[in-house]
Amino acid sequence: MPVTNADLAAAFGQIADLLELQQANPFRIRAYRKAARVVSELRLDVATHLAAGKPLPKLPGIGKDLGAKVAEFAATGHIALLDRLQRELPAGIADLLALPGLGPKRVRVLYDELHVHSLPQLLRAARDGRIRTLHGFGVRTEEKIAKAIEQHLGQVRRFKLATAAQYAAAVAAYLRRAPGVGDVIAAGSLRRCRDTVGDVDMLATSTDGGAVCGWLARYPDVAEVLASGPTRASVLLRADLQVDLRVVPPASHGAALLYFTGSKAHNIRLRNLALERGLKLNEYGLWRGREQLAGATEEDVYAALGLPWIPPELREDRGEIEAAAHGGLPSLVTRADLRGDLHVHTKWSDGTATIEAMAAAARERGLGYIAVSEHSRRLAVAHGLDPVRLAKQRGEIESVNARLHGISVLAGIEVDVLEDGSLDLPDEVLAPLDIVVAAVHSQFHLPRAVQTRRILAALDNPHVRILAHPLGRLIDQREPYDVDLLAVVRKCRERNVALELNAHPERLDLTDVGCRMARDEGVLVAINSDAHGVHQFDNLDLGVGQARRGWLEPAQVLNARPLPELRRWLDRD
DNA sequence: GCCGTTTTCGGCCCGACTGTTTTCAGTCG
C-alpha cells in the first residue's frame, strides 16, 4: 500500500482533530495542522524520498518530533500516536466537528453526557430533545444542529472559482447600491484565485456598518441570514453559497482587505512580524499602542512591516513573505503577457465555431496566434480527427491564414495517449504539424506506476511538445489520476516539452502547486483556454490566476512568447 | 509541537457574533 503525501497530511489532520477533542494544548494542535498543510503542498513525494535513503529536508513547522512521525508513517503506514488516539475515542466522532457551530468543546460535552459519537446519533439526540438539556446548549442550538445534519450531513461544499465569481459579482453590484457605502470588493480565496471557493468574502467601506449589513440581509437571493451585526454579516444564498460581509471605515480599508483576503496562514505570519516589532496588526490597522501606523491601503501596511506589496495569489505562506523580505518576489505573469493560445477546438471536432471565427475572436482578445488542436480519432464522441480529415483541415487552416491578418493559426492536434503510452496517430501524420499536444482521456484508474510509465512513454515521442491537462482532474467530478507528477515534470525537462495549464473552469489543471513544481524544475507552462467556442477565450483569465498562484513569470510561460520565438522553440532538434 | 537579528524557554494572531451565561465561553474566519 503506497503512502502518499495526501495520506500523511490526512493523518496529521486526524491527529489534530482528535487532540482537539481531548482538549490538548492548542499550540500542539496547531503544529499538527500546519504540518498537514506543509506536507500536502510539498512537491517531493515523502515516502519515495525516504525509501531511497535520503534525509527529509528542513521543512517549516516540521521539527524533530514531527519529522520522526513522517518517517514512521512513510515506513509503516501508521503513526502510533494516531492509533492510540483512535483507540481512545470512537471512530467518526471527528465528523461532528464539521458541523457549523460545533467545535471541540461542545462535541466533547455531547460525547461525555449523551454518548453521541456519530452524525445519526446526534440527529436522534436532537430530535428527542436531549441536547437542550445540556449545560451551555439550548433549544436554538438543538434546532441548528438538527437542521445542519438533515441538510448536508455535515459535508462542506466548495464552489468552482468561476461559479463563485459570478455570484460574487452580483452581490457586489447589489452592495454598491447600499446607502452610504464606499468601496466594495470581493476578498478571500476568490481574490487569491483559488481553484475552488468555500464562501464569498465581501469587504465594504462605510461609516454605518449596520446599515450595509442590513442591506445585504435584504438581498433578494438570500435564503437565510446566519448572522448580522454592526460590522459583519453572513448570509446563505439560495444556491447554498455563503456570503460573509465585513464593513469597516475607510481608514481601515487596507488592513481589512489584507485580513479578509487571507490566507489565514499568511495573516498569522504578518501578525507575528508585527509582534516582533512591538506592534499589533488587526483588521483595523497596524498599531503601536493606540496610534494607527497604517491601515488605509494594503501597501501602507506591508510597507510599515518592511515589505513590498504581495500579490493576493501568493498569500499562502508558501515562501512569499521570505521572498518579499529579500526582494525576491516573482514578477507574475498577467493576462496581457499572453501572446497566443495553443489549445483551441473548432467545429472540426467538438467545438462550436469555425476556424475563422475562433481566429477572429482570439485576435479581438489581443492574441497573435492560436493552435487549432482537435481531438484525435480515438475520441469518437468528440468527432476526433483521423489522418484524412486532419489533412483536409490543414487546407482550411492555410486558407484562413491567407485571408486573416493580425492572427496566425497553427496546425495542431490534441492526440490521445493510448493505454500503452503510444499515440492515437502515427508519427508520419504528426510530423508535419506545427504542434502536437498529447492528452490522456481514458484509463484514469491505472495504478500509479503504470499510469506514470504510460505518460512518460508518450513524452518520449519526438513530436509531442505539450502535455495537456497533466492531472486529468475535473473539479467536483473526477479526482486527478494517480501519477508521479515530479517524474512527469522531469521528463518534460529532459524532452523539452511544456506542461499545459488548461484554463477551462472545470479543469484548471495544472494546479497551483504543479505550476510551482514546473517553475522549480525549469519546465515551461502553456496557459491554454481549451476554448470550444468564441467566448471561452475568457477562460485564460482563470488560467492566469492559477499560474500566478504557482509563482509563474512571463519567461516561464510558453505562450507569453511572440510567434517567431515560439516557432524557434517548436523547431528544436 | 515549533521556534529563535530581544534564542534553548516561554512564547505562540486577533476580533466579532451567537446563544446562553447574567458577565462570558465557544465558535468562526
Side-chain angles (χ1 to χ4, degrees), chain A residues 12 15-16 19-21 23-38 58-70 79 81 96-110 131-145 148 156 187-189 192 197-203 209-210 213 217 225-235 242-248 252 255-256 258-287 305-306 317 325-326:
Chain A
F12 281 156
I15 290 176
L19 284 175
E20 203 159 32
L21 289 169
Q23 337 236 319
N25 177 351
F27 301 106
R28 189 181 172 209
I29 295 162
R30 184 192 294 174
Y32 278 99
R33 293 217 191 282
K34 176 169 187 189
R37 182 175 65 83
V38 167
K58 180 84 196 78
L59 297 172
I62 298 186
K64 198 175 158 199
D65 185 280
L66 286 175
K69 289 189 169 65
V70 170
I79 297 175
L81 169 64
L96 304 187
L97 292 171
L99 286 177
L102 281 194
K105 300 273 173 60
R106 285 178 163 167
V107 169
R108 190 71 209 201
V109 170
L110 289 165
I131 291 175
R132 68 182 72 180
T133 65
L134 298 173
H135 183 75
F137 291 77
V139 177
R140 292 289 310 275
T141 306
E142 188 176 77
E143 285 169 354
K144 279 178 84 169
I145 288 173
V156 184
S189 49
R192 302 202 313 279
V197 170
D199 49 34
V200 170
D201 297 306
M202 206 62 78
L203 177 70
C213 289
V225 178
L226 302 170
S228 187
T231 67
R232 65 191 307 171
S234 292
V235 301
Q242 185 171 328
V243 177
D244 295 330
L245 170 67
R246 190 71 197 255
V247 189
V248 296
S252 296
L258 200 53
Y259 156 77
F260 223 28
T261 296
S263 67
K264 191 169 184 168
H266 181 86
N267 285 349
I268 290 175
R269 291 291 309 277
L270 290 184
R271 288 175 174 194
N272 276 321
L273 278 183
L275 280 178
E276 284 169 17
R277 292 158 191 252
L279 309 175
K280 184 175 73 168
L281 177 62
N282 60 21
E283 56 265 54
Y284 297 108
L286 182 67
W287 307 85
L305 292 172
D317 189 22
H326 299 106

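Letters A, B, ... mirror the listed sequences (proteins, then strands); counts begin at 1.
- With distances taken from any side-chain atom of A:N272 to the nucleotides B:dG1, B:dC13, B:dC14, the minimum falls on B:dC13.
- Taking atom CG of residue A:N282 and atom P of nucleotide B:dC14, one finds them 8 Å apart after rounding to whole Å.
- Base orientation of B:dT7: syn, since the glycosidic angle falls within 90° of 0.
- Among B:dC2, B:dC12, B:dC17, the nucleotide with an atom closest to any side-chain atom of A:L66 is B:dC2.
- Residue contacts shown for A:V248 are absent, as no nucleic acid heavy atom lies under 4.0 Å away.
- Relative to the side chain of A:T231, the nucleotides B:dC17, B:dC3, B:dG1 differ in distance, and B:dC17 lies closest.
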Output a table of nitrogen or oxygen pairs between the protein and nucleotides 27-29 of chain B separated by less than 3.5 Å.
from: B:dT27; atom 1: OP1; to: A:G103; atom 2: N; distance (Å): 2.8
from: B:dT27; atom 1: OP1; to: A:G103; atom 2: O; distance (Å): 3.0
from: B:dT27; atom 1: OP1; to: A:R106; atom 2: N; distance (Å): 2.9
from: B:dT27; atom 1: OP2; to: A:K105; atom 2: N; distance (Å): 3.2
from: B:dT27; atom 1: O5'; to: A:G103; atom 2: N; distance (Å): 3.4
from: B:dC28; atom 1: OP1; to: A:L99; atom 2: O; distance (Å): 3.4
from: B:dC28; atom 1: OP1; to: A:G101; atom 2: N; distance (Å): 2.6
from: B:dG29; atom 1: N7; to: A:K264; atom 2: NZ; distance (Å): 3.2
from: B:dG29; atom 1: N2; to: A:Y259; atom 2: OH; distance (Å): 3.4

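- Rounded to whole angstrom, the span from the CD1 atom of A:I29 across to the C1' atom of B:dC12 amounts to 13 Å.
- With the nearest nucleotide of DNA chain B identified for both A:K64 and A:G136, A:K64 has the one nearer the 5' end.
- Nearest nucleotide to the side chain of A:A31, out of B:dG15, B:dC3, B:dG1: B:dG1.
- Across all strands, A:L281 comes closer than 4.0 Å only to sugar-phosphate atoms, never to a base (heavy-atom distances).
- The P atoms of B:dA16 and B:dC9 are separated by 37 Å, rounded to the nearest whole Å.
- At least one donor-acceptor pair under 3.5 Å links the side chain of A:N282 to the backbone N or O of A:G285.
- Taking the side chain as every heavy atom from C-beta outward, A:L81 and A:K69 approach each other to under 4.5 Å.
- A:E276 has its CD atom 9 Å from the P atom of B:dG4, to the nearest Å.
- Between A:H326 atom NE2 and B:dT5 atom P there is a gap of 11 Å when expressed in whole angstrom units.
- Residue-level contact check: A:S228 touches the backbone only, with heavy atoms under 4.0 Å from sugar-phosphate atoms and none from bases.
- With the nearest nucleotide of DNA chain B identified for both A:C213 and A:T141, A:C213 has the one nearer the 5' end.
- Residue A:N267 places none of its side-chain N or O atoms closer than 4.0 Å to OP1 or OP2 of B:dC13.
- A:S234 has its side chain out of reach of A:V243: every pair of non-hydrogen atoms, C-beta onward, lies at least 4.5 Å apart.
- For A:R132 and A:F137, the positive end is not near the middle of the six-membered ring at less than 6.0 Å and at most 45° from its axis.
- Looking at A:T231 and A:Y284, their side chains come closer than 4.5 Å, going by heavy atoms from C-beta outward.
- B:dT8 makes up no base pair with any nucleotide shown, lacking Watson-Crick or G-U wobble contacts both under 3.5 Å.
- For the P atom pair drawn from B:dC12 and B:dT7, the interatomic distance equals 15 Å after rounding to whole Å.
- A:W287 has its CH2 atom 10 Å from the P atom of B:dG15, to the nearest Å.
- Between the side chain of A:R232 and the backbone N or O of A:L245, no donor-acceptor pair lies under 3.5 Å.
- Rounded to whole Å, the distance from CZ on A:R132 to P on B:dT20 is 11 Å.
- Within the nucleic acid shown, A:L275 comes within 4.0 Å of sugar-phosphate atoms alone, with no base atom in reach, counting heavy atoms only.
- Comparing the same atom, P, in B:dC13 and in B:dT20 gives a spacing of 30 Å after rounding to whole Å.
- If you measure from atom NZ of A:K144 to atom P of B:dT18, you get 8 Å, rounded to the nearest angstrom.
- Within the 4.0 Å cut-off from OP1 or OP2 of B:dC13, at least one side-chain nitrogen or oxygen of A:R30 is found.
- A salt bridge links A:E20 with A:R33; the closest basic N to acidic carboxylate O contact falls under 4.0 Å.
- Using a cutoff of 4.0 Å between basic side-chain nitrogens and carboxylate oxygens, A:E283 and A:R271 are scored as salt-bridged.
- Here the separation of B:dG29 from B:dT22, taken at their P atoms, is 28 Å to the nearest Å.
- Distance CD (A:E143) to C1' (B:dT18): 14 Å, rounded to an integer number of Å.
- Looking at A:D317 and A:K264, no side-chain N of the basic residue comes within less than 4.0 Å of a carboxylate O on the acidic one, giving no salt bridge.
- For the C1' atom pair drawn from B:dG1 and B:dT6, the interatomic distance equals 23 Å after rounding to whole Å.
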